[in-house]
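Heads up, the thing below is written out as structure tokens.
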Amino acid sequence: MKVGNAALPAFAAILAGCQSLPGDAPLVPVDLLISGGTVYDGTGSPATADDLVISGGLVAYLGPDARSRFLPAREIDATGLVVAPGFIDPHTHAAGDLSSDRADRRANLPFAFQGVTTVVVGNDGGGSPDVAAQAELARAQGIGTNVAYLAGFGPIREEVLGKEDRAPEADEMAVMKARLRGAMCEGAWGFSAGLYYVPQAYSQTDEVVTLARVASGLGGYYDTHMRDESTYNVTVTGALAETLEIGRLADIPVHIAHIKALGPAVWGHSTRMIEAIEDARAAGQRVTADQYPWEASGTRISAALVPRSALEGGLDALRKRLKEPETRAAIRAAMVDGIARRGGASKLLITGRLGEAEIDTGLTLEEYAEAANIEPVDAAIAILMQGDARVASFNMSTDDIAAFAVRDWVVTGSDGSSGHPRKYGSFPKAYRDLVLGEPGMDLARFVERSSGQTAKLIGLQDRGRLAPGMAADVVIFDPVTFAPQATYQAPRELSVGVRHLFVNGEQVIAEGAYTGSLPGRPLLKRTACAQGNDDS
């Protein structure tokens with residue numbers, strides 16, 4: 001069990017006071033007592049009616065009759081409420097918010113109001129390898145939730161190869177390996193890849209394995225948006241086979257981001273995917289996944305519809321190709337296929353503008369095209385000639401979603417990004433779908449898959465559980481009212497039902513309102529090359 005060095009003396013004193021005391025012994029002063037709630041400790045164990053004591057930013061006591069031992073400066077009556085470890089989101093796109101010069105964005109309220117106290121950033125291979133600089137900025141400016149970092153394949157590859165579609169030379173690979181090693185030594189928890197995205201899509205499996213071995217050697221894990229989640233190239237089952245191969249060859253734990261079967265062509269493939277993963281796990285391979293509880297994915301028109309070969313060199317290069325009649329025709333034909341793969345233009349909801357694109361949001365691509373009296377593919381090309389657009393893509397089967405959700409190796413995640421309600425409502429929606437809905441998932445299991453299990457797969461040793469010595473990241477929510485408010489039409493509505501939220505023992509939400517506090521910390525992995533890092 002890890003406890004920050006600065007907190008050790010105070011914590012030792014608190015523990016000393018927790019021993020059996022004579023009747024006339026003085027009570028031990030502590031910061032907070034939470035009593036009366038239904039407590040889930042994050043391990044999957046059944047609920048208890050224990051008292052929870054917080055002091056010095058740590059859990060000091062979890063058990064009965066705390067008032068006979070402690071003298072709290074404050075008390076919270078949690079009668080009728082659930083008390084649990086703060087939730088941990090393994091897949092977010094919150095890095096921009098956490099580095100903003102605006103305190104309201106750095107508060108990370110879309111996640112806090114879901115009960116999330118720690119977010120992982122750098123997913124889909126997008127994470128900056130400059131981990132130390134990100135952590136220093138977070139400390140200097142203040143953040144509302146904790147943050148853990150992944151080193152992204154995309155920036156590392158682009159620094160060396162740009163957006164070229166080729167394999168690295170030996171000296172280039174050496175630079176990439178050194179860059180990843182540096183990120184791991186600065187405190188990254190693992191290596192993130194998004195092999196679906198340019199320029200990562202131009203890599204071959206052996207290139208990814210070579211880099212994953214670097215992260216493996218430093219105790220990290222491999223987080224992946226697989227090369228395909230549909231039928232874009234190797235198919236979703238082919239991409240899963242590649243993912244498992246990378247894990248085996250690099251000897252690294254594999255975590256599959258936002259597991260899904262995307263598009264009508266692969267609906268029902270969850271059965272084959274589950275079988276492959278469970279066979280790998282039975283053979284001793286470490287494989288997990290996260291899932292968001294929405295039928296629509298979130299992406300960009302360029303990523304959803306444009307063939308990867310046409311994106312070599314970036315969007316400016318794409319626009320040049322679209323101005324040439326022959327290349328435009330080939331790209332257009334591939335985009336027609338892309339629209340069909342996504343279930344048709346009526347299934348693509350435009351949720352945000354990117355670049356210089358002048359478009360109305362809240363329309364489907366079909367509606368946008370009808371208003372312009374052009375074909376949907378030509379509407380998409382017109383948008384790309386100006387900039388790009390975010391889209392919610394309604395392309396998943398509820399049967400596949402349900403099949404993945406109940407597996408014991410799947411945890412709750414949001415893939416939270418702008419323009420999609422998953423950023424604001426994934427955890428409460430998962431609660432209502434899984435616990436209150438038809439699966440009838442035990443609440444202890446839901447809390448575990450949203451906290452302790454996620455901490456374990458990342459490697460966070462002092463988060464995700466309620467136990468003495470653990471960091472005091474605690475959510476107290478109303479099991480009746482805990483619910484999302486965000487929708488596809490209004491994706492920026494804060495969730496409701498979280499009554500109190502503590503991050504490192506400091507209150508971020510009190511009686512359902514933000515306190516203005518910014519107590520989050522960058523959580524950095526300790527490695528053999530980074531003994532100075534603080535992961536508490």
Side-chain angles (χ1 to χ4, degrees), residues 2 4-7 57-58 86-124 126-152 155-156 179-180 182-192 220 223 413-414 416-418 423 454-455 458-464 471-475 501-509 514-527 530-536:
K2 291 188 178 180
N5 291 337
L58 304 171
F87 299 148
I88 300 171
D89 193 331
H91 190 110
T92 79
H93 296 278
D97 288 334
L98 294 175
S99 62
S100 172
D101 58 3
R102 290 172 41 187
D104 61 331
R105 288 184 61 191
R106 297 199 310 278
N108 216 17
L109 297 183
F111 293 93
F113 275 85
Q114 298 179 65
V116 173
T117 53
T118 297
V119 297
V120 176
V121 300
N123 306 87
D124 294 341
S128 167
D130 296 320
V131 173
Q134 295 177 82
E136 180 55 35
L137 182 63
R139 293 189 194 99
Q141 293 192 137
I143 54 177
T145 64
N146 303 310
V147 59
Y149 303 97
L150 295 172
I156 290 172
R179 197 72 168 99
L180 176 56
M184 295 296 299
C185 290
E186 290 182 2
W189 292 90
F191 172 51
S192 167
D223 179 275
S414 72
S417 55
S418 297
K423 179 175 179 177
T454 310
I458 296 168
L460 300 168
Q461 296 186 24
D462 63 344
R463 314 274 158 173
D473 294 346
V474 181
V475 59
L501 188 77
F502 295 86
V503 176
N504 299 307
E506 189 169 333
Q507 196 156 13
V508 173
I509 296 174
Y514 175 47
T515 64
S517 179
L518 296 171
R521 299 176 186 170
L523 307 179
L524 302 178
K525 179 177 176 57
R526 282 184 161 298
T527 64
Q531 292 297 328
N533 284 347
D534 178 10
D535 66 348
S536 62

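Start at 1 with the first residue, then count along the sequence. Computed from heavy atoms alone, side chains included, the values below leave out hydrogens, waters and symmetry copies.
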**Report entry** For Glu186 against Val131, the heavy-atom pair lying closest together
**Finding:** OE1-N, 3.1 Å

Query raised in the report: Are the side chains of Asn504 and Asp473 in touch, meaning some heavy atoms are under 4.5 Å apart?
Result: yes

Query raised in the report: What pairs with Ser517 under side chain to side chain donor-acceptor pair (under 3.5 Å), at least two apart in sequence or on another chain?
Result: Glu506

Requested in this report: Take Val147 and Leu523, measure what side chain to side chain contact (heavy atoms under 4.5 Å, CB included) needs, and give me the verdict at the end.
Outcome: CA-CA 6 Å; Val147 59; Leu523 307 179; over 6 Å; no

Requested in this report: Decide side chain to side chain contact (heavy atoms under 4.5 Å, CB included) for Tyr514 and Val508; before the verdict, give the C-alpha distance in whole Å, the side-chain angles of both, and the deciding distance to 0.1 Å.
Outcome: CA-CA 6 Å; Tyr514 175 47; Val508 173; 3.9 Å; yes

**Report entry** Residue pairs passing the ring pair (Phe, Tyr, Trp, His ring centres under 6.0 Å) test where at least one lies in residues 97-120, sequence neighbours excluded
**Finding:** none

Query raised in the report: With sequence neighbours left out, which residue pairs that include part of residues 109-120 fulfil the side-chain hydrogen bond (donor to acceptor under 3.5 Å, both in side chains) condition?
Result: Thr118-Asn146

Requested in this report: Please identify each residue that fulfils side chain to side chain donor-acceptor pair (under 3.5 Å) with Ser99, with sequence neighbours left out.
Outcome: none

Query - Intermediate values then yes/no, side chain to side chain contact (heavy atoms under 4.5 Å, CB included), Asp124 and His91 - result: CA-CA 9 Å; Asp124 294 341; His91 190 110; 3.0 Å; yes

Query raised in the report: Which pair of non-hydrogen atoms, one from Val475 and one from Gly115, has the smallest distance, and what is that distance?
Result: CG2-CA, 3.7 Å

Query - Test side-chain contact (heavy atoms from CB on, under 4.5 Å) applied to Val120 and Ile458, Leu460, Thr92, the passing residue - result: Ile458

Requested in this report: Test Asp130 against Arg179 for side chain to side chain contact (heavy atoms under 4.5 Å, CB included), laying out the working first.
Outcome: CA-CA 9 Å; Asp130 296 320; Arg179 197 72 168 99; 2.9 Å; yes

Requested in this report: Supply the atom-to-atom distance Gln461 CD to Lys525 NZ, rounded to the nearest 0.5 angstrom.
Outcome: 8.0 Å

Query raised in the report: Which pair of heavy atoms, one from Ala471 and one from Leu58, lies closest together, and at what distance?
Result: CA-CD2, 4.0 Å

Report summary line: Distance col, row Leu98:CG vs Ile143:CD1, nearest 0.5 angstrom, shows 5.5 Å

**Report entry** With sequence neighbours excluded, residues passing side-chain contact (heavy atoms from CB on, under 4.5 Å) with Ala135
**Finding:** Arg139, Tyr149, Pro522, Leu524

Report task. Identify which one of Pro90, Pro129, Ser192 satisfies the side-chain contact (heavy atoms from CB on, under 4.5 Å) criterion when paired with Leu150. Result -> Ser192

Query raised in the report: Taking only residues two or more places apart in sequence, or in another chain, which ones meet Asp97 in a salt bridge (charged side-chain N to carboxylate O under 4.0 Å, His left out)?
Result: Arg105, Lys423

